[in-house]
> 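The structure follows.
Because the structure is a prediction, the values reported are computed rather than measured.
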Amino acid sequence: MTTEPTRPPAYPTSLGTSDAATITLLGQDLAADLMGQIGFGELALWLVTQTRPSPSQVRVFEAVLVALADHGFTPTAIAARLTYLSAPDSVQGALAAGLLGGGSRFLGVTEDAGRFLADALAEAGTPLPSDNAGWDALAVAAVTRAQDEGRFVPGLGHPIHKVTDPRTPALLRIAEEEGLRGPHLRLFEAIGRVHPRVLGRTLPLNGAGTCGAALADLGLPVSLLRGFALLARAAGLLGQLAEEQRRPVAMDVYLAVDRSATYIPPGTT
């Protein structure tokens, strides 16, 4: 009895490889073709899509990254600073702590909004609306369905910007200028117009939700949208840690909480 020889395992990739003399990334010579020739935002988009993006796509994508990079002393920034206070030898740990806090309340709205809009568009089928009235009808159906199911509409409301999130009109303008104001953004805008009559209150379209719509209109998988928010926030967290080195506040944050702690014996209501 003969046995066929065991084939060696194969691990295909179209991203990067290297040999003794060269590094190849996305089919390009890294040193000769990419370094000094393209920006990091363009490369990040290219790595995910494996198609070189157009300048218009890069502009919208980088506007999203800028919009999500840093918002001051958010929980993610505080987590990074406190971790750095505890382990100043571990910048990677401090960055990771901040990134791990990117969830449904902070940063995750980008993906949640993109997924909500994509699901509503899939439910609507084709053809998609051609005017505001059609988009508004589609938005009413999506918001009503969410309300009936007891779900929030992601991308509505902001803890600070009660009337207008300044990022939202800026992103819409940039997408329009680049010809990339697609169905996700149009539906999101329609949600902004119609939700008061369904929910009985008026909320702003927040920047994180607008970013999710813009990324979805770039054709990016909704399952990866939170990753782009984290990519942006990594830069912001690095800035937070640099400032913590120059002008530390983490010890004051820790002491303020510790000194204000009130002990309540177990079983006390």
Side-chain angles (χ1 to χ4, degrees), residues 45 48-49 51 53-65 67-68 104 107-158 161-226 228-229:
L45 194 51
V48 173
T49 64
T51 300
S54 69
S56 291
Q57 291 171 321
V58 172
R59 185 178 180 225
V60 171
F61 180 70
E62 292 191 340
V64 167
L65 296 183
L68 297 174
S104 59
L107 291 177
V109 175
T110 298
E111 179 175 313
D112 295 342
R115 189 181 298 277
F116 179 87
L117 296 168
D119 288 346
L121 291 170
E123 180 79 16
T126 55
L128 292 174
S130 58
D131 56 21
N132 281 348
W135 285 112
D136 287 358
L138 183 54
V140 167
V143 175
T144 300
R145 184 163 54 250
Q147 185 184 49
D148 291 344
E149 295 172 356
R151 297 184 293 123
F152 290 110
V153 177
L156 280 180
H158 193 279
H161 308 300
K162 299 300 185 181
V163 177
T164 302
D165 186 324
R167 297 169 296 173
T168 294
L171 281 168
L172 291 172
R173 173 182 54 80
I174 292 168
E176 178 69 24
E177 290 172 354
E178 300 301 333
L180 292 169
R181 187 165 152 246
H184 298 84
L185 280 171
R186 291 184 185 277
L187 177 56
F188 195 51
E189 289 179 89
I191 288 173
R193 292 192 296 267
V194 308
H195 77 271
R197 70 174 102 144
V198 180
L199 303 181
R201 55 179 177 154
T202 300
L203 299 167
L205 296 176
N206 63 50
T210 312
C211 287
L215 291 173
D217 275 344
L218 290 176
L220 298 170
V222 293
S223 60
L224 292 179
L225 298 191
R226 188 173 299 186
F228 294 112

> Applying side chain to side chain contact (heavy atoms under 4.5 Å, CB included), name anything that partners Thr164, two or more places apart in sequence or on another chain.
Pro169
> For the CZ atom of Phe116 and the CD1 atom of Ile191, what is their distance to the nearest 0.5 Å?
5.0 Å
> How long is the straight-line distance from CZ of Arg151 back to CG of Asp112, given to the nearest 0.5 Å?
10.5 Å
> Among residues at least two apart in sequence or on other chains, which ones pass side chain to side chain contact (heavy atoms under 4.5 Å, CB included) with Val109?
Asn206, Ala208
> Which residue pairs pass the salt bridge (charged side-chain N to carboxylate O under 4.0 Å, His left out) test with at least one member in residues 179-188, sequence neighbours excluded?
Glu176-Arg181, Arg181-Glu189
> Out of curiosity, Leu224 CG to Glu111 CD, how far, rounded to the nearest 0.5 Å?
8.0 Å
> Hey, could you give me each pair passing side-chain hydrogen bond (donor to acceptor under 3.5 Å, both in side chains) that has a residue in residues 119-147? Not counting sequence neighbours.
Asp136-Arg193
> In Å and rounded to the nearest 0.5 Å, what is the CG to CG distance from Leu138 to Leu128?
7.5 Å
> His195 pairs by side-chain contact (heavy atoms from CB on, under 4.5 Å) with which of Val140, Leu205, Leu156?
Leu156
> Kindly compute the distance separating CD (Glu62) from CD1 (Ile174), expressed to the nearest 0.5 Å.
11.0 Å
> For the CG atom of Leu215 and the CG atom of Leu171, what is their distance to the nearest 0.5 Å?
9.0 Å
> May I have all residue pairs that pass salt bridge (charged side-chain N to carboxylate O under 4.0 Å, His left out) and include part of residues 202-222, sequence neighbours excluded?
none
> So, do Pro55 and Glu178 sit near enough that their side-chain heavy atoms are less than 4.5 Å apart?
no
> Residues in side chain to side chain contact (heavy atoms under 4.5 Å, CB included) with Ala213, at least two apart?
Leu117, His184, Leu185, Phe188
